[in-house]
Trainee: 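Quick one: the structure is below, questions incoming.
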Amino acid sequence: MNILIVNGPNLNLLGTREPEIYGSEPMDSYLQNLRQEYGDTQIYFFQSNIEGEIINRIQLDDFDALIINPGAYTHYSYAIADCLKNISKPVIEVHISNIYKREEFRQKSVTAAHSLGVISGFGLSGYRLALISLRAIL
């Protein structure tokens, strides 16, 4: 099984960006642990601060399921929402923070409607929860 994790803008700064919200663990070390824990699953990772690059990566369609944290694009990228709408693979949207406890503009997701579900507020563990969920349905 091939799972693609896609992170959007500013998530390349995990580990140093607002650690009180996003924690202090870098994504690379978290991914290393996740890959060791789920060695029978190929976990691919892509991060970009550029909307079109995210869309291009998803449209390669070389995965069985997608875990996406669109970052700020969650709230206004109809282009990413359209991309998700047009893939036939299972998608789970993940947010490290609880977007419903944050600023009002962060409480709306235009991409969530094209996902099986949304995991929000469990820190980096949200990626593990999404992976467990996808493994259960694939």
Trainee: Measuring from Y76:OH to T111:OG1, what's the distance to the nearest 0.5 Å?
Mentor: 11.5 Å
Trainee: Give a yes or no answer on whether the side chain of S115 reaches the backbone of V118 with a donor-acceptor pair at less than 3.5 Å.
Mentor: no
Trainee: Can you tell me which residue among V94, L4, V91 is in a side chain to side chain contact (heavy atoms under 4.5 Å, CB included) with I68?
Mentor: V91
Trainee: Looking only at heavy atoms, which two atoms of E51 and A79 are closest? And how far apart?
Mentor: OE2-CB, 3.7 Å
Trainee: Taking L11 as the starting point, is it possible to reach L84 by hopping between hydrophobic residues whose side chains are less than 4.5 Å apart?
Mentor: no
Trainee: Answer yes if I67 and L129 sit in the same cluster of Ile, Leu, Val, Met, Phe, Trp and Tyr residues linked by side chain heavy atoms under 4.5 Å apart, and no otherwise.
Mentor: yes
Trainee: With a 4.5 Å cut-off on side-chain heavy atoms, are L66 and I92 touching?
Mentor: no
Trainee: Quick one: pull up SG in C83 and CD in Q59 and give me the separation to the nearest 0.5 Å.
Mentor: 4.5 Å
Trainee: Determine whether M27 and I3 fall in the same hydrophobic cluster, where Ile, Leu, Val, Met, Phe, Trp and Tyr are linked whenever their side-chain heavy atoms lie under 4.5 Å apart.
Mentor: yes
Trainee: Between I54 and N7, which heavy-atom pair has the shortest distance, and what is it?
Mentor: CD1-O, 4.3 Å
Trainee: Using the rule that two of Ile, Leu, Val, Met, Phe, Trp, Tyr join whenever any of their side-chain heavy atoms come within less than 4.5 Å, decide whether Y78 and Y73 are in one cluster.
Mentor: no
Trainee: Might you point out which heavy atoms bring Q47 and G8 nearest each other, and give the distance in Å?
Mentor: NE2-O, 3.0 Å
Trainee: Between T16 and P19, what is the shortest heavy-atom contact and its length?
Mentor: O-CD, 3.6 Å
Trainee: Just so I know, are the side chains of L138 and M1 near enough to count as touching, which here means a heavy-atom distance under 4.5 Å?
Mentor: yes
Trainee: For a 4.5 angstrom cut-off between non-hydrogen side-chain atoms, does P26 reach L14?
Mentor: no
Trainee: How far apart are the C-alpha atoms of N69 and V6, what are their side-chain angles, what is the distance that settles it, and do they pass the side-chain contact (heavy atoms from CB on, under 4.5 Å) test?
Mentor: CA-CA 6 Å; N69 182 341; V6 173; over 6 Å; no
Trainee: Any side-chain donor-acceptor pair under 3.5 Å between D40 and Q42?
Mentor: no
Trainee: Mind telling me whether Y30 and Y127 have parallel, tilted or perpendicular rings, with 30° and 60° as the class edges?
Mentor: tilted
Trainee: Please determine whether a side-chain nitrogen of the Lys or Arg among D62 and R57 lies less than 4.0 Å from a carboxylate oxygen of the Asp or Glu.
Mentor: yes
Trainee: What's the shortest heavy-atom distance between E53 and S48, and which atoms?
Mentor: OE1-OG, 2.6 Å
Trainee: Could you tell me if the side chain of Y44 sits less than 4.5 Å from the side chain of R35, heavy atoms only?
Mentor: no
Trainee: Could you tell me which non-hydrogen atom of P9 sits nearest to which non-hydrogen atom of R17, and how far apart they are?
Mentor: O-NH1, 4.4 Å
Trainee: When you measure from the side chain of N49 to the backbone N and O of N10, does any donor-acceptor pair fall under 3.5 Å?
Mentor: yes
Trainee: For R135 and T41, what are the C-alpha separation, side-chain angles and deciding distance, and is it a side-chain contact (heavy atoms from CB on, under 4.5 Å)?
Mentor: CA-CA 9 Å; R135 287 169 50 98; T41 300; 2.6 Å; yes
Trainee: Can I5 and F46 be said to form a side-chain contact (heavy atoms from CB on, under 4.5 Å), step by step?
Mentor: CA-CA 6 Å; I5 298 174; F46 180 79; over 6 Å; no
Trainee: Is the shortest side-chain heavy-atom distance between T74 and H95 below 4.5 Å?
Mentor: yes
Trainee: Measure the spacing between CG of L116 and OG of S133 and express it to the nearest 0.5 Å.
Mentor: 9.0 Å
Trainee: Please check if atom CZ in F122 has more than 12 non-hydrogen atoms from other residues, nucleotides or ligands closer than 6.0 Å.
Mentor: no
Trainee: State plainly whether one hydrophobic cluster holds both I21 and L124, where clusters connect Ile, Leu, Val, Met, Phe, Trp and Tyr through side-chain heavy atoms under 4.5 angstrom apart.
Mentor: yes
Trainee: Distance from K108 atom NZ to Y100 atom OH, nearest 0.5 Å?
Mentor: 9.5 Å
Trainee: Rounded at 0.5 Å granularity, tell me how far CG in N33 sits from CZ in R128.
Mentor: 7.5 Å
Trainee: Once you round to the nearest 0.5 Å, how far does CG of L34 lie from CD of Q32?
Mentor: 11.0 Å
